[in-house]
Visitor: 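Here it is, the structure, as structure tokens.
Heavy-atom basis, side chains included; hydrogens, waters and symmetry copies ignored. Throughout, a chain's letter reflects where its sequence line sits, starting with A, and its residues are numbered from 1.
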Number of protein chains: 2
Amino acid sequence: MTYTGTLASERSAPRKRDAEATRAAILAAAKHQFAKCGFDGAYLRDIASEAGVDAALINRYFGGKEGLFQAALKDSMFPSVAHWDRKTFGYELAKLMAGHAHQNLERTHAFAFLLQAATNPTTAPMLNVAVQKRFMGPIREWIGGPHAAARARVMASVIIGLLVERLIRDEALKGEERDVFIERAATVLQSLVAS
Amino acid sequence: MTYTGTLASERSAPRKRDAEATRAAILAAAKHQFAKCGFDGAYLRDIASEAGVDAALINRYFGGKEGLFQAALKDSMFPSVAHWDRKTFGYELAKLMAGHAHQNLERTHAFAFLLQAATNPTTAPMLNVAVQKRFMGPIREWIGGPHAAARARVMASVIIGLLVERLIRDEALKGEERDVFIERAATVLQSLVAS
DNA sequence: CGTGTAAGTCATTTCTAAATGACATCGTGC
DNA sequence: GCACGATGTCATTTAGAAATGACTTACACG
């Protein structure tokens, strides 16, 4: 992995001295790099360079790589169904999944970040706590009814699966294939709401 | 990550000089470590030590870490539905997923290995080829009927999702919860076969 | 029984990334 | 406008892993 961002030394004007903005820039770059390369593969130099910042600042602000990761996790979004309409959520969600990657870049990155976190022994423990609290909990509550926990796990599985498939193979679905995909996925998701 | 296996120097009897056996031992250890720690996190020293072998041998036999990974990928199993009974496969598969981790250690490891491979920029390209050929292809054929490709993608998603959920949270399902989980998952899977 | 080669071991080199601390500079408040 | 603290930069240290190549030992074969 080479330096891709703008080198601080190349920048025309040096960065304004704004601690908050700098922190935010680092965090954004970190989430991006962690999502793309995982915890080990994301190098502080690259993150710093992408943020247009000196690498040493990361240590100053976040106290090391792990601290940075924790901050990124805290700042990251979880897929949430809590505000969806019970009647149509299956279709809406399926449509979202079937969309082109560049239409949901933010979501895609956010999820890639979480998946990376899940598959690394260093970060997995931190993630698990967050997942239970910010993903499974809300789904369980939203589903409600008898055996909400078990049903929530199945639903979470399906959502995760759709996301993973989409992430691994970013080959877009088109035309009729896409319609079939959406219809099937929607049916599956919807069937998991009805108690 | 520290040295967990038996150090070669500690072994009572030095390893028998059997190239085939050595190769196999390295490969097994590699799959295990890659599954547990990912490509970057799995250290050749640890793999070697787990295999009861000197690290330099890995380079001799596989020509480096990437070569070792390629060999491990080629040697690894993909989830396959091809031989399942169309009538009962949903239930059988769901039951398998809901089982305790230690009951399916081999499968779990194999899948963890694949997931790790999928989430690493170095290894993802190698994996994608294999997935298409050895996972999506067979499912597509097995499903058959109209729009087999799209329907295969949904089904693959669900299978992957169940596997991932299970992998991330190894908390076992028990009692009634487990029955509900199986029943729901089975229904979902089975609904994807019917054309 | 030797001898040669395949198999295995060890020490060293090279590379790369995280962390650290000394140094420079901005810009704010007096 | 000047001084001091906060912010940013740079050079260096530390650490750890992959790769390399010279070396040693076992085993098969004559």
Side-chain angles (χ1 to χ4, degrees), chain A residues 1-26 29-30 33-34 37-72 120-123, chain B residues 1-27 29-30 33-34 37-71 120-123:
Chain A
M1 203 53 55
T2 54
Y3 298 76
T4 54
T6 307
L7 252 33
S9 49
E10 291 171 0
R11 293 169 53 82
S12 41
R15 159 170 293 275
K16 266 278 180 201
R17 298 205 166 195
D18 180 341
E20 269 317 299
T22 302
R23 234 191 98 98
I26 292 172
Q33 290 294 322
F34 280 139
C37 310
F39 183 74
D40 299 313
Y43 304 136
L44 291 187
R45 299 182 194 177
D46 291 329
I47 293 170
S49 140
E50 184 178 321
V53 145
D54 189 279
L57 275 186
I58 295 179
N59 287 312
R60 190 200 286 293
Y61 279 100
F62 298 94
K65 197 175 188 178
E66 287 211 12
L68 176 62
F69 183 86
Q70 296 255 24
N120 184 298
T122 309
T123 56
Chain B
M1 203 54 54
T2 53
Y3 299 76
T4 54
T6 306
L7 254 32
S9 48
E10 290 171 1
R11 293 170 55 81
S12 42
R15 158 171 293 275
K16 266 279 178 202
R17 299 206 165 192
D18 179 341
E20 271 317 299
T22 302
R23 234 191 97 99
I26 292 172
L27 216 49
Q33 290 294 322
F34 280 140
C37 310
F39 183 74
D40 300 312
Y43 305 135
L44 292 188
R45 300 182 193 174
D46 291 328
I47 293 170
S49 140
E50 184 177 323
V53 147
D54 188 281
L57 274 187
I58 294 178
N59 288 313
R60 191 202 287 292
Y61 279 100
F62 298 95
K65 197 174 187 178
E66 287 212 12
L68 176 62
F69 183 85
Q70 296 254 24
N120 183 297
T122 309
T123 56

Visitor: Assess the residue pair A/Asn59 and A/Leu68 against the criterion (side chain to side chain contact (heavy atoms under 4.5 Å, CB included)); give the C-alpha distance rounded to whole Å, side-chain angles, the decisive distance to 0.1 Å, and a yes or no.
Guide: CA-CA 8 Å; A/Asn59 287 312; A/Leu68 176 62; over 6 Å; no
Visitor: Round to a whole Å and report the spacing from CG of B/Asp18 to P of D/dA28.
Guide: 10 Å
Visitor: Looking only at atom types and distance, does a side-chain atom of A/Lys65 sit under 3.5 Å from a main-chain N or O of A/Tyr43, one as donor and one as acceptor?
Guide: no
Visitor: Starting at atom CG of A/Asp40, determine the distance to atom P of C/dT16, rounded to an integer number of angstrom.
Guide: 17 Å
Visitor: Calculate the interatomic distance between B/Leu68 atom CG and D/dA19 atom P; express it in whole Å.
Guide: 10 Å
Visitor: For D/dG8 and A/Thr22 - does any side-chain N or O of the residue sit under 4.0 Å from the phosphate oxygens OP1/OP2?
Guide: yes
Visitor: Identify the two heavy atoms, one from B/Ala42 and one from B/Ile47, that lie closest to each other, and give their separation to 0.1 Å.
Guide: CB-CD1, 4.3 Å
Visitor: To the nearest angstrom, how far is B/Asp54 atom CG from C/dT12 atom P?
Guide: 15 Å
Visitor: Please report the interatomic distance CZ(A/Phe62) to CG(A/Leu57), rounded to the nearest 0.5 Å.
Guide: 10.0 Å
Visitor: Checking contacts here: which listed nucleotide (D/dG8, D/dA18, C/dA19) is nearest the side-chain heavy atoms of A/Leu57?
Guide: D/dG8
Visitor: Return the orientation label for the A/Phe34 and A/Phe39 ring planes: parallel under 30°, perpendicular over 60°, tilted otherwise.
Guide: parallel
Visitor: Side chain of B/Ala56 only, please: which of C/dT16, D/dG21, C/dG8 is the nearest?
Guide: D/dG21
Visitor: What distance separates A/Leu44 CG from A/Asp54 CG, expressed to the nearest 0.5 Å?
Guide: 11.0 Å
Visitor: Test of understanding: with side chain to side chain donor-acceptor pair (under 3.5 Å), list the residues that count as partners of B/Asp40, not counting sequence neighbours.
Guide: B/Asn120
Visitor: Take the protein atom OH of B/Tyr61 and the nucleotide atom C1' of D/dT20, then report the distance between them rounded to whole Å.
Guide: 17 Å
Visitor: Select from B/Ala55 and B/Glu20 the residue whose nearest nucleotide in DNA chain C is closer to the 5' end of that strand.
Guide: B/Glu20
Visitor: Just how far, in rounded Å, is C1' of D/dA18 from CG of B/Asp46?
Guide: 13 Å
Visitor: Any protein N or O atoms within reach of nucleotides 23-25 of chain D? Criterion: under 3.5 Å, listing atom names and distances.
Guide:
unit_1	atom_1	unit_2	atom_2	d
D/dT25	O2	B/Arg17	NH1	2.7
D/dT25	O2	B/Arg17	NH2	3.0

Visitor: How many angstroms lie between atom SG of B/Cys37 and atom CD of B/Gln33, to the nearest 0.5 angstrom?
Guide: 5.0 Å
Visitor: Quantify the bending of the helix from C/dC1-D/dG30 to C/dC30-D/dG1 as the angle between its end axes, each fitted on five pairs, to 10°.
Guide: 0°
Visitor: To the nearest Å, give me how far apart CZ (B/Arg23) and P (C/dA7) are.
Guide: 12 Å
Visitor: Roughly how far apart are A/Thr22 OG1 and A/Tyr61 OH, rounded to 0.5 Å?
Guide: 4.5 Å
Visitor: Can you check the B/Asn59 CG to D/dG21 C1' distance for me, whole Å?
Guide: 12 Å
